Amino acid sequence: QTLWDEMLQNKGLTVIDVYQAWCGPCKAMQPLFRKLKNEINEDEILHFAVAEADNIVTLQSFKDKCEPVFLFSVNGKIIAKIQGANAPLVNKKVSTLINEEKKIAAGEMIRPEVILVPLLSQYNETVFSLGEIYYIVIIKPDAVLKTKPQEIKEKITAAGFVIEAEDKIMLTEEQVRDFYSQIEDEPDFEDFLSFMTTGLSHVLVIAQIKDQMEESDLELEGPSEPPTLNTPGVRAVPGKVLGDLEECLEQQHISQFCDVEDNEAKVAKLTDVFFPDFKITKSKKLQKTLALLRPDILENQDDVLQIIKNEGFTILMGRQIVLSEEAAKMLCEEYEKETYYEKLIETMTSPSLALVLLRDNGVQHWKELLGPKSVEEIVEYNAESLCAQFAMGSLPINQLYGSDSTEAAERDIQYFFPPEDTFALIKPHVTHEQRGEILKLIKDEGFELTQLKELYLTPEQVERIYVQIVNKDFYKDVLQVLSEGPTVVMVLTKWNAIADWRRLMGPVDPEEAKLLSPDSIRARFGINILKNGVHGATNLYSVTESISAVFGE
């Protein structure tokens with residue numbers, strides 16, 4: 001990046017071979033460049049450079065492309081682009097531009113007006129589909145604490161917008177400065193920066209289909225004065241013409257809870273910052289579905305799991321369960337009129353294996369793999385289905401179950417893997433960089449960040465969080481450690497959250513954790529028993545009491 005910036009100071013013409021890290025510069029064009037260099041022999045006005053797209057912000061539009069790209073920079077401005085190893089065309093372009101530079105230097109012609117190559121807008125096209133307008137929306141920490149995000153998202157989607165991606169994060173100072181760059185010079189921006197970086201925000205990529213847009217555009221009359229940040233939680237991005245999404249937020253009376261960015265170039269840049277895999281995930285339709293291996297098939301469990309893996313599914317969660325008679329009847333409702341119904345219910349109250357699967361178009365693909373719901377329906381074209389492969393003589397039904405739709409999948413997953421909250425905190429001694437690593441570990445383990453904020457804990461709050469040890473001799477030392485700086489407190493949500501968070505934390509003593517659980521948080525970030533990095537609630541009562549102490553009822 002530094003060399004790129006220096007290159008833009010070159011006088012005259014610079015020909016830039018933009019390449020990908022995995023394949024290197026275009027070897028086929030190098031003989032032409034040597035020939036041009038020798039023939040023109042004008043070091044002051046002709047330069048050549050190679051630039052790796054992966055590491056230069058300006059070239060992100062060309063990242064992950066296999067076709068060679070050649071850019072032409074005159075006095076630091078990109079004025080032309082040629083895609084593909086087209087030697088005659090590149091040769092002609094270089095000759096033309098060099099002749100122009102010589103004539104301009106000799107006073108024989110005036111530098112012509114040129115249209116600069118808009119690299120960032122090209123990047124938009126690589127990230128976003130034609131026919132759509134995109135916005136980046138940040139739902140601010142005060143709205144998250146008031147549990148507003150779900151209401152906001154429902155109102156946005158009800159108005160015809162599509163949420164393409166979303167994440168819950170604790171924004172960094174750099175991210176806030178990037179998003180709110182147009183108000184960075186305001187006198188109270190530092191207070192606003194502190195507000196935005198000490199709590200949990202929701203970041204959304206919102207799409208609006210052009211065909212669904214109203215033809216009339218709403219414009220503000222007269223000059224608009226940029227609002228100030230007097231109330232950090234209530235403000236709008238200044239200097240903007242009211243767009244369709246902003247109009248929607250205003251009409252729904254939720255604009256004070258979130259801010260919108262709609263500038264194409266900036267949306268493209270911010271999308272890459274917040275959602276670096278957006279291009280990949282947008283091209284796919286990742287879906288969760290529930291799979292159930294009925295009791296009779298458990299002896300073939302390994303074979304089924306191997307098929308699941310071979311078909312490209314990721315197993316997000318799994319548990320062996322014993323259904324109640326009521327649950328078995330609900331799951332087998334479609335077989336109620338069959339003669340084997342009673343036997344089926346009896347079988348289904350034995351151990352089953354429930355799985356949550358993730359894959360591109362996961363719901364439909366799993367249904368197609370399953371095949372028909374009963375063995376009798378098997379015909380030649382689906383003889384390779386799981387129903388056919390694992391047919392059991394005792395019951396003529398498909399020994400595997402799958403959700404019928406995305407809505408059913410959501411319902412089924414909630415039923416078999418009911419979400420649970422737990423309370424967690426990151427202690428003051430953990431550095432800002434380590435905190436980021438811990439938050440990434442939490443997300444990688446499948447936890448949802450339901451609430452998060454940074455604060456100085458009061459003695460009263462610490463007492464409620466550590467209620468089980470308040471009478472211990474070392475409690476005053478715990479109080480001292482937590483008073484040394486701000487603590488990050490969180491509500492984490494997933495199935496089996498309390499136990500899974502305690503497992504991820506590791507043993508209380510970091511030295512013991514390094515031996516017994518070297519990948520745990522305390523093994524990696526703990527210093528001693530008191531400064532062991534993180535804390536978590538031990539049971540449901542402790543969870544309720546801790547959350548209430550910090551986040552209120």
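Just so it is clear, the values below take in all heavy atoms, side chains as well, and ignore hydrogens, waters and symmetry mates. Because the structure is a prediction, the values reported are computed rather than measured.
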Which atom names give the shortest non-hydrogen contact between [X] and [Y], and what distance separates them?
| X | Y | value |
| --- | --- | --- |
| Gly12 | Asn75 | N-OD1, 2.8 Å |
| Phe70 | Ala85 | CE1-CA, 4.1 Å |
| Leu370 | Gly402 | CD1-N, 3.4 Å |
| Leu46 | Leu36 | CD2-O, 4.1 Å |
| Gln30 | Pro25 | NE2-CB, 4.2 Å |
| Ala143 | Ile139 | CB-CG2, 3.8 Å |

Under 4.0 Å between a Lys/Arg side-chain N and an Asp/Glu carboxylate O for [X] and [Y]?
| X | Y | answer |
| --- | --- | --- |
| Glu101 | Lys11 | no |
| Glu454 | Arg435 | yes |
| Glu174 | Arg177 | no |
| Arg503 | Glu445 | yes |
| Lys443 | Glu448 | no |
| Arg524 | Asp519 | no |

Option from Gln208, Glu261, Glu164 for which side chain to side chain donor-acceptor pair (under 3.5 Å) with Tyr135 holds:
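Between Tyr135 and the candidates, side chain to side chain donor-acceptor pair (under 3.5 Å) is satisfied uniquely by Gln208.
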Identified side-chain contact (heavy atoms from CB on, under 4.5 Å) counterpart of Val260 within the set Leu249, Ile206, Ile136
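Among Leu249, Ile206, Ile136, the one meeting side-chain contact (heavy atoms from CB on, under 4.5 Å) with Val260 is Leu249.
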Among Leu492, Asp167, Thr493, the one residue meeting side-chain contact (heavy atoms from CB on, under 4.5 Å) with Leu449:
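Answer after filtering Leu492, Asp167, Thr493: Leu492.
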Is it true that a side-chain atom of [X] and a backbone atom of [Y] form a donor plus acceptor pair closer than 3.5 Å?
| X | Y | answer |
| --- | --- | --- |
| Asp17 | Cys26 | yes |
| Gln175 | Thr172 | yes |
| Asn38 | Arg34 | yes |
| Asp188 | Asp191 | no |
| Arg522 | Gly533 | no |
| Lys93 | Ile82 | no |
| Ser517 | Ala513 | no |
| Arg359 | Glu311 | yes |
| Lys453 | Leu145 | no |
| Gln451 | Val144 | yes |

Flag side-chain contact, heavy atom, 4.5 Å: [X] against [Y]:
| X | Y | value |
| --- | --- | --- |
| Lys266 | Ser181 | yes |
| Leu71 | Val18 | yes |
| Asp500 | Phe447 | yes |
| Val50 | Tyr19 | yes |
| Leu439 | Met490 | yes |
| Ile16 | Phe48 | no |
| Met317 | Leu355 | no |
| Ile45 | Leu13 | no |

[atom2] on [Y] to [atom1] on [X], rounded to 0.5 Å:
| X | Y | atom1 | atom2 | answer |
| --- | --- | --- | --- | --- |
| Thr198 | Leu171 | OG1 | CG | 10.5 Å |
| Gln9 | Thr14 | CD | OG1 | 10.5 Å |
| Met7 | Ser73 | CE | OG | 5.5 Å |
| Ile254 | Ile156 | CD1 | CD1 | 5.5 Å |
| Ile521 | Ile426 | CD1 | CD1 | 7.5 Å |
| Glu166 | Phe275 | CD | CZ | 8.0 Å |

Mutual orientation of the aromatic rings belonging to Phe313 and His365 [parallel < 30°, tilted 30-60°, perpendicular > 60°]:
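The arrangement is tilted - the two ring planes meet at 30° to 60°.
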Going through the checks in order, is the side chain to side chain contact (heavy atoms under 4.5 Å, CB included) test met by Asn91 and Leu32?
CA-CA 8 Å; Asn91 184 50; Leu32 171 65; 3.9 Å; yes
Whether over 12 other heavy atoms sit under 6.0 Å from [X] [atom1]:
| X | atom1 | answer |
| --- | --- | --- |
| Lys288 | NZ | no |
| Glu410 | CD | no |
| Glu433 | CD | no |

In sequence, state the C-alpha distance, the side-chain angles, and the governing distance for Thr197 and Met170, and then conclude on side chain to side chain contact (heavy atoms under 4.5 Å, CB included).
CA-CA 6 Å; Thr197 54; Met170 192 173 189; 6.0 Å; no
Go through the steps for Glu100 and Lys103 under the test salt bridge (Lys or Arg N to Asp or Glu O under 4.0 Å), then give the verdict.
CA-CA 5 Å; Glu100 285 183 1; Lys103 289 179 181 179; over 6 Å; no
Checking side chain to side chain contact (heavy atoms under 4.5 Å, CB included) for the pair Val94/Val15: CA distance, chi angles, key distance, verdict?
CA-CA 8 Å; Val94 171; Val15 183; 3.8 Å; yes
Applying side chain to side chain contact (heavy atoms under 4.5 Å, CB included), run through Tyr180 and Leu193 and close with a yes or a no.
CA-CA 9 Å; Tyr180 295 98; Leu193 181 67; over 6 Å; no
Just by distance, with hydrogens left out, do Thr314 and Lys309 show a side-chain donor and acceptor under 3.5 Å apart?
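Distance-only check fails for Thr314 and Lys309.
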Residues Tyr134 and Asp262: side-chain donor-acceptor under 3.5 angstrom
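No, Asp262 and Tyr134 have no side-chain donor paired with an acceptor closer than 3.5 Å.
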